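What follows is a single structure, written as structure tokens, with notes after it.
Everything numeric here is computed off the predicted structure, so don't read it as measured data. Atom set for the values below is all heavy atoms of this structure, side chains included, hydrogens, waters and symmetry mates excluded. Numbers restart at 1 for each chain; the letters A, B, ... are given by sequence-line order, proteins then strands.
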Amino acid sequence: MSLADRYYITTAIAYANNRPGLHTLFEVIGADVIARWHRMKGDDTRFLTGTDEHSVNIAQRAAELGKAPMEFANENVALFRAAEDALLISPDRFIRTTDPDHVRTAQEMVRRAYANGDIYLGTYEGWYCPAEGFKTASDVVETPNGSQCPNHPTVPLQWLSEHNWFFRLSAYQERLERHFEDHPDFARPDYRRNEMLGFIRGGLEDFSISRAGADWGIPFPIMPDGSSSQRPDGSWDPAAGKIYVWYDALINYVTGAGFPDDPAAFAHWWPADLHVIGKDIARFHTIYWPAMLWSAGLEAPRHVWIHGFLLAQGERMSKSLGNFLDPIDVVKTLGADGARYVTLREVAFDKDTDVSWDSFVRRYNADLANDFGNLLNRTISMANRYFDGERPAVGPEAGLAGVWADTLAVYGDRLEGCLLHDALRALWDVVGAANRLVEAEQPWTLAKAMKAGDEAAGVRLRAVLGDLVEACRLIALAAAPFMPTAAPRALAQLGYEYPYGPDGNGGPALLDELRWGGHAGQAGRLMTAEPLFPRLETEAATPAAG
RNA sequence: GGCUGGGUAGCUCAGUGGCAGAGCAAGCGGCUCAUAAUCGCUAGGUCGUUGGUUCAAAUCCAACCCCAGCUACCA
């Protein structure tokens, strides 16, 4: 990938029925890091995230609370935005499925599929739980008394039969298989790709894309006879029904790229480079979505990354189980940078991971307070003491330079390969190497010799501390996508300007800045050392929620 | 049931034929620049089980046991 490439990255849109947990925002933090990395590299980057607001469940929940669906959605979206702000998430657009342009886009996608002969009227049949909604055949439990909803055994299931529109997914089976074969890295990680490919090979059925009777949702734009469902006064005929789920939710990715209102923007941003999504919706993103796009004459996204879930003692974290972490609590305790680092270091980005409050606090103290924070602190403190605040330059034969070059290569590969936890692990190898260098060189011993008149010791001391300062600069800068405010604070203490904006835009190409000794000739003054990541006392570090 | 991933130190995991590894947690020692920090050392594993191939198996093969995922319309 060359410089000045454009890079369009998205997350799944979250279901706006409640306040978000860290397990929901995990994917958004990860995507934000990747977006910032590309912005800092100089790529023309667009990062899209947002909320999914149409569904019977949301309308129903709103009604229970005596609110209009939109009012209910607005409140929840505000909670999402507050949590994302606290986590320093930097979307270029926060999209809502209730946004007017998204409504137009979804309707246009339906029209295109219709024009292409890919949607037709059919009958959807299935079990319906009045307490919960439609159930799949595999969800329903067979008992001597008949079929039951596993979550609501006392509520009788209804067998519903509904007339609605279907998308001809079956027509795309061969093309999908070929796409997976021609683009082996379309869906990753590999084991998820294999699952999806297996699903395709098992045969594809058409799926329904409209619902009758719902009144909260995007109006289906076509009447059964093929005419427009829009009336002369601009309103939509309720008899046409609403667009159902995937022809609403998935469409946000092209809405966010400018389709169809802004053809120039769309030509620039589409196809998306990366959709970051959870494993629960892999099929819809890697199978339904490409087919829907092809049907509209558009290209499939380039890559879909499928991440796992956060677990608490082996159980999936969820709002309903109550075993989730509140992102606001985590930010309050660890700081925004700490929360981002610890989440992405503790949770593997390619599979499920068990996490706990204790593991988060341990990781924060070990990696941030003790290893990196203290490295920065001791380096600046010594340089201030021995050289009166003048920043020492890198030495002529720094052993760390080689370590750095190797690490940076691995770091970039892992980060661009979505193995964010591995990227951080690699970067922290340099932190360890730098701390070991301090012990090996014992700057305090060199300083005593220098004071006693040993010039060679003075030269060596300057070089050692220069290398340590350089290591701190590079580590902080490389970690900036993960820790967007710690990086500028660290660089300020080291006497460097931070040339990037709050979202990572502007400034020189990151990879140029990340060359060892890149600022060798530049004089500067160090600030007083100030702990970047104050150590947490374990007892004090208990979440408010318990 | 079928397919896929996994089962390695107290915890999280790396390790695809050559003397069992890392980080964290634990114990001991060193150092004093630093946020009771840091550096070194030690301890700790029948590598899920059983059999097989091989001079040599955590690694390859077979069977079995456990955990998780996928096996169609949930946001």
Side-chain angles (χ1 to χ4, degrees), chain A residues 12-17 24 51-58 97 124 126 129 132-139 166-167 169 189-199 201-209 244-246 248-250 278-284 287-288 306 308-309 311 314 316 345-348 350-356 358-359 362-363 365-386 421-422 425 428-429 432 434-447 461 465 468 529-537:
Chain A
I13 46 176
Y15 195 39
N17 66 336
T24 302
T51 44
D52 184 6
E53 304 174 24
H54 292 130
S55 88
V56 233
N57 291 343
I58 288 200
T97 53
Y124 175 78
C129 171
E132 195 172 337
F134 282 90
K135 307 300 297 180
T136 72
S138 53
D139 284 341
F166 280 74
F167 176 76
L169 183 64
D190 285 346
Y191 75 100
R192 293 290 174 202
R193 170 183 184 272
N194 292 338
E195 283 179 6
M196 294 305 112
L197 193 49
F199 184 87
R201 287 180 173 148
L204 296 176
E205 293 171 15
D206 301 342
F207 61 94
S208 62
I209 64 167
Y244 180 60
V245 188
W246 303 115
D248 177 350
L250 291 169
K279 63 183 185 180
D280 52 337
I281 49 178
R283 187 196 315 145
F284 310 111
I287 298 174
Y288 288 25
I306 301 152
F309 292 140
L311 310 178
R316 177 180 175 182
R345 179 65 185 80
E346 278 293 295
V347 185
D350 58 342
K351 56 186 177 188
D352 293 357
T353 308
D354 214 279
V355 301
S356 67
D358 282 351
S359 70
R362 264 205 303 278
R363 178 64 74 178
N365 276 338
D367 285 14
L368 296 181
N370 297 351
D371 287 348
F372 180 58
N374 186 54
L375 171 68
L376 182 72
N377 199 245
R378 70 199 303 208
T379 297
I380 293 172
S381 170
M382 285 190 283
N384 268 323
R385 174 171 310 199
Y386 304 141
H421 58 299
D422 279 340
R425 173 164 35 194
W428 250 246
D429 285 349
N435 273 320
R436 284 191 294 276
L437 181 71
V438 176
E439 306 299 324
E441 295 289 347
Q442 299 190 14
W444 49 92
T445 305
L446 291 169
L461 176 61
L465 287 175
L468 291 170
E530 183 104 16
L532 204 55
F533 302 104
R535 191 180 161 80
L536 297 171
E537 294 310 322

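- Atoms CD (A:Glu441) and P (B:C39) sit 15 Å apart, rounded to a whole Å.
- Comparing A:Pro534 and A:Phe166 along RNA chain B, the residue whose closest nucleotide (by nearest heavy atom) sits nearer the 5' end is A:Pro534.
- The same atom, P, is picked in B:A20 and in B:C70; the two are 38 Å apart, to the nearest Å.
- A:Arg425 and A:Asp422 are joined by a salt bridge, as a carboxylate oxygen and a charged side-chain nitrogen come within less than 4.0 angstrom of each other.
- Under the Watson-Crick or G-U wobble criterion, with both distances below 3.5 Å, B:C31 has no partner in any strand shown.
- Comparing B:U38, B:C70, B:C33 by their closest approach to the side chain of A:Asn435 singles out B:U38.
- For the C1' atoms, the distance linking B:C41 with B:U49 amounts to 36 Å, nearest Å.
- Summarising the base pairing, B:G5 is matched to B:C67 through a Watson-Crick or G-U wobble pair whose two defining distances lie under 3.5 Å.
- In this entry the distance linking CD1 of A:Ile287 with P of B:C70 reads 13 Å, nearest Å.
- Distance check on atom C1': B:A43 versus B:U50 gives 31 Å, rounded to whole Å.
- In this entry B:A62 has B:U50 as its Watson-Crick or G-U wobble partner, both defining distances falling under 3.5 Å.
- Across the P atoms, B:A57 and B:G51 are found 14 Å apart, a figure rounded to whole Å.
- As rounded to the nearest Å, B:A25 and B:C39 have P atoms that lie 11 Å from one another.
- Comparing the same atom, P, in B:G45 and in B:A22 gives a spacing of 15 Å after rounding to whole Å.
- Atom NE2 of A:His421 sits about 8.0 Å away from atom CZ of A:Arg345, to the nearest 0.5 Å.
- A:Asp367 comes within 4.0 angstrom of no nucleic acid atom, judged by non-hydrogen atoms across all strands.
- Of the candidates B:U38, B:C33, B:A72, B:U38 carries the atom nearest the A:Asn370 side chain, counting heavy atoms from C-beta on.
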Q. Could you run down nucleotides 6-16 of chain B 5' to 3' and tag each one B, S or - for protein heavy-atom contact under 4.0 Å?
A. -------SS--

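- A:Asn374 comes within 4.0 angstrom of a base, heavy atoms only.
- Using a 4.0 Å heavy-atom cutoff across all strands shown, A:Ser208 reaches at least one base atom of the nucleic acid.
- Side-chain contact annotation: A:Asn435 with A:Arg378, donor-acceptor N/O pair under 3.5 Å present.
- Atom CG in A:Leu376 sits 13.0 Å away from atom CG in A:Asp371 (nearest 0.5 Å).
- Rounded to a whole Å, the CG atom of A:Asp371 is 12 Å from the C1' atom of B:U35.
- Within the 4.0 angstrom heavy-atom criterion, base atoms lie near A:Arg535.
- Taken from CD in A:Glu346 to CG in A:Asp367, the straight-line distance is 8.0 Å, to the nearest 0.5 Å.
- Checked against ring pair (Phe, Tyr, Trp, His ring centres under 6.0 Å), A:Phe284 has the following partners two or more places apart in sequence or in another chain: A:Trp246, A:Tyr288.
- Of the possible donor and acceptor atoms, none in the side chain of A:Asn374 sits under 3.5 Å from a partner among the backbone N and O of A:Ala369.
- Across all strands shown, B:C55 is found opposite B:G18 as a Watson-Crick or G-U wobble partner, with both distances under 3.5 Å.
- Not one side-chain nitrogen or oxygen of A:Tyr191 sits closer than 4.0 Å to the OP1 or OP2 atom of B:A68.
- With A:Thr353 contributing its side chain and A:Ala348 its backbone, the two residues share a donor-acceptor pair below 3.5 Å.
- Atom CG in A:Asn365 sits about 12 Å away from atom C1' in B:A36, given to the nearest Å.
- Atom CG of A:Asn194 sits about 8.5 Å away from atom CZ of A:Arg201, to the nearest 0.5 Å.
- Take the nearest nucleotide of RNA chain B for A:Arg192 and for A:Ser55: the residue whose nucleotide is more 5' is A:Arg192.
- Atom CG of A:Leu465 sits about 11.0 Å away from atom CD1 of A:Ile380, to the nearest 0.5 Å.
- Although no hydrogens or angles enter the test, the distance criterion places no donor-acceptor pair under 3.5 Å between the side chain of A:Asn17 and the main chain of A:Ile58.
- As rounded to the nearest Å, B:C11 and B:A26 have C1' atoms that lie 12 Å from one another.
- At a threshold of 4.0 angstrom between heavy atoms, the contacts of A:Ile13 with the nucleic acid are absent.
- Across the protein-nucleic acid pair, A:Asp429 atom CG and B:A22 atom C1' stand 9 Å apart, rounded to whole Å.
- The P atoms of B:G7 and B:C60 are separated by 12 Å, rounded to the nearest whole Å.
- With respect to A:Asp350 and A:Arg192, no salt bridge is recorded, no charged nitrogen being found less than 4.0 Å from a carboxylate O.
- Residue contacts shown for A:Gly373 include a base, since a base heavy atom lies under 4.0 Å away.
- Following rounding to the nearest Å, A:Glu537 (CD) and B:A36 (C1') show an atom-to-atom distance of 9 Å.
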Could you pull out the protein-nucleic contacts involving nucleotides 26-32 of chain B (nitrogen or oxygen on both sides, under 3.5 Å)?
from, atom 1, to, atom 2, distance (Å)
B:G30, N2, A:Glu439, OE1, 3.4

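- Looking at the side chain of A:Ser381, the nearest of the listed nucleotides B:A75, B:A72, B:C33 is B:C33.
- If you check every strand for non-hydrogen atoms under 4.0 Å, A:Leu532 touches a base.
- For B:C24, the paired base is B:G10 (Watson-Crick or G-U wobble, both distances below 3.5 Å).
- Counting non-hydrogen atoms under 4.0 angstrom, A:Pro443 reaches nothing in the nucleic acid.
- Taking atom CG of A:Leu250 as the reference point, atom P of B:A75 lies 12 Å away to the nearest angstrom.
- Counting any heavy atom pair closer than 4.0 Å across all strands shown, A:Asn194 reaches no nucleic acid atom.
- For A:Phe199, the listed nucleotide lying nearest its side chain is B:A72; candidates were B:A72, B:C74, B:A75.
- Looking at A:Tyr15 and A:Ser55, their side chains do bring a donor and an acceptor atom within 3.5 Å of each other.
- One can place CG of A:Asp422 at 13 Å from C1' of B:G23, the figure rounded to the nearest angstrom.
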